Amino acid sequence: PAAAATDPQARKRRGRGIYILPNAFTTAALFAGFFATVQAMNDRFDIAAIAIFMAAILDSLDGRVARLTNTQSAFGEQYDSLSDMVSFGVAPALIMYEWSLRTLGKWGWIAAFVYCAGAALRLARFNTNIGVVDKKFFQGMPSPAAAALVVGFVWTVTDLRETSWISATATDLSWLAWVLTVYAGLSMVSNAPFYSFKDLNLRRSVPFIFAIGLVLVFVLVSVDPPLVLFGLFALYGLSGYGLWLWRWWRRRSARQEGVE
């Protein structure tokens with residue numbers, strides 16, 4: 001067994017294998033994205049949005065499960081990217097188009113395509129830059145966050161209309177939806193640094209205050225899931241550009257101090 005563990009051919013055969021557990025999570029995420037598309041075609045936009053959020057949760061688990069169980073494979077990496085393209089590329093674009101962008105004619109489907117193409121380019125760049133970029137930050141907004149931003153807006157407006165908080169319809173918000181969709185699509189292919197949360201060590205002990213903060217987050221989300229989740233992802237969607245501007249200002253200040 002020890003010799004097999006160090007044998008390059010054995011590692012190569014293992015890398016080409018198909019493991020059930022992590023790919024089961026990927027398949028579940030793929031199904032959630034497909035289910036969201038079907039629900040959007042049936043005008044069940046709240047359920048479609050929830051399905052995308054479920055896909056994001058499942059997508060965050062498959063890689064961690066693979067690493068914890070030492071079941072990473074080249075097949076799993078490719079399968080995960082294809083699943084992400086469906087769940088966080090095609091499905092959100094179609095949901096937003098069916099919900100509001102359809103009323104804008106060609107401008108509507110152009111915005112949906114910008115988002116869809118942005119997701120494809122984002123995933124392709126991520127796959128080719130593995131091991132090159134800083135793991136602490138993503139280069140551009142990650143596709144699950146972009147999807148959550150887009151469908152979170154749909155879910156929030158749908159929920160607020162059902163609870164009579166607002167009277168605006170999807171048609172009234174078409175151009176706002178257009179701007180948000182294009183913003184999410186372009187943000188995925190931008191060079192803005194978005195925090196990846198990959199440096200968080202779940203096995204490390206933390207102060208008790210972190211446990212209280214985690215409880216408060218769950219309480220806030222449970223009070224109004226669509227509004228709170230959309231707010232959190234909206235802040236995250238702006239954070240990359242805020243960090244980008246802060247780094248630019250620091251470099252500019254450093255150059256000025258060097259000249260002086």
Side-chain angles (χ1 to χ4, degrees), residues 24-26 28-29 31-33 35-36 39-40 44-65 67-68 84 87-88 91-92 95-96 99-100 135-138 141-168 170 173 176-177 180-181 183-184 187-188 192-243 246:
F25 282 92
T26 305
F31 173 78
F35 180 76
Q39 294 305 308
R44 298 298 304 273
F45 299 107
D46 52 344
I47 297 178
I50 294 172
I52 295 297
F53 278 102
M54 290 300 301
I57 294 173
L58 292 166
D59 179 68
S60 68
L61 293 176
D62 58 4
R64 287 177 172 82
V65 169
R67 288 188 292 271
L68 288 173
D84 288 353
S87 299
F88 310 126
I95 291 171
M96 184 62 90
W99 181 69
S100 180
K135 292 185 177 180
K136 190 175 180 180
F137 294 95
F138 290 118
M141 188 189 301
S143 56
L149 180 64
V150 169
V151 301
F153 178 72
V154 175
W155 189 15
T156 298
V157 174
T158 303
D159 182 72
L160 291 177
R161 288 190 67 243
E162 290 179 353
T163 55
S164 300
W165 276 92
I166 62 172
S167 58
L173 301 172
L176 180 58
L180 185 65
T181 304
Y183 174 84
S187 293
M188 284 188 282
F194 288 84
Y195 185 55
S196 68
F197 299 97
K198 289 185 177 181
D199 60 338
L200 295 179
N201 188 354
L202 299 179
R203 299 179 180 179
R204 185 183 61 188
S205 61
V206 295
F208 184 70
I209 189 66
F210 282 91
I212 297 177
L214 186 62
V215 172
L216 291 176
V217 170
F218 280 110
V219 170
L220 285 174
V221 172
S222 65
V223 169
D224 194 338
L227 186 60
V228 173
L229 288 173
F230 174 68
L232 291 175
F233 280 101
L235 290 174
Y236 182 76
L238 295 171
S239 65
Y241 296 102
L243 181 58
W246 181 69

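Everything quoted here is computed from the prediction, not taken from an experiment.
Between L149 and A184, the shortest heavy-atom contact is CD2-CB, 4.4 Å. Residues S143 and F88 share a closest heavy-atom pair of O-CB, 3.6 Å. Shown here for L220 and V228, the closest heavy-atom pair between the two residues is O-CG2, 3.2 Å. In plain terms, the two heavy atoms of A49 and W155 that are nearest each other are CB-CB, 3.5 Å. Here the shortest heavy-atom pairing between T181 and A177 reads OG1-O, 2.7 Å. Closest approach of F35 and A51 over heavy atoms only: CD2-CB, 3.9 Å.
Applying the side-chain hydrogen bond (donor to acceptor under 3.5 Å, both in side chains) definition to pairs two or more places apart or across chains, those involving residues 215-243 are S187-Y241.
Side-chain contact between L238 and Y183 is present, with heavy atoms from C-beta onward closer than 4.5 Å. The side-chain heavy atoms of F137 and S196, taken from C-beta on, include no pair separated by under 4.5 Å. At least one side-chain heavy atom of F194 sits less than 4.5 Å from a side-chain heavy atom of P142. No side-chain heavy atom of F45 sits less than 4.5 Å from a side-chain heavy atom of V157.
For the side-chain contact (heavy atoms from CB on, under 4.5 Å) with F218, the qualifying choice from V215, V221, L214 is L214, the only one to do so.
Scored by the side-chain hydrogen bond (donor to acceptor under 3.5 Å, both in side chains) test, T26 finds D62 as partners (sequence neighbours excluded). Looking at residues two or more places apart in sequence or on another chain, you find a ring pair (Phe, Tyr, Trp, His ring centres under 6.0 Å) between F153 and W99, F230.
Between the CD1 atom of I95 and the CD atom of Q39 there is a distance of 9.5 Å, given to the nearest 0.5 Å. Between the CG atom of L160 and the OG1 atom of T158 there is a distance of 9.0 Å, given to the nearest 0.5 Å. Here the CG atom belonging to L227 is positioned 8.5 Å from the CG atom belonging to D159, to the nearest 0.5 angstrom. Distance CE/M54 to CG/D59: 12.5 Å, rounded to 0.5 Å. Residue R64 holds its CZ atom at 9.0 Å from CG of L68, rounded to the nearest 0.5 Å. Atom OH of Y195 sits about 11.5 Å away from atom CG of L243, to the nearest 0.5 Å.
Here the side chain of S87 pairs no donor or acceptor atom with the backbone of D84 at under 3.5 angstrom.
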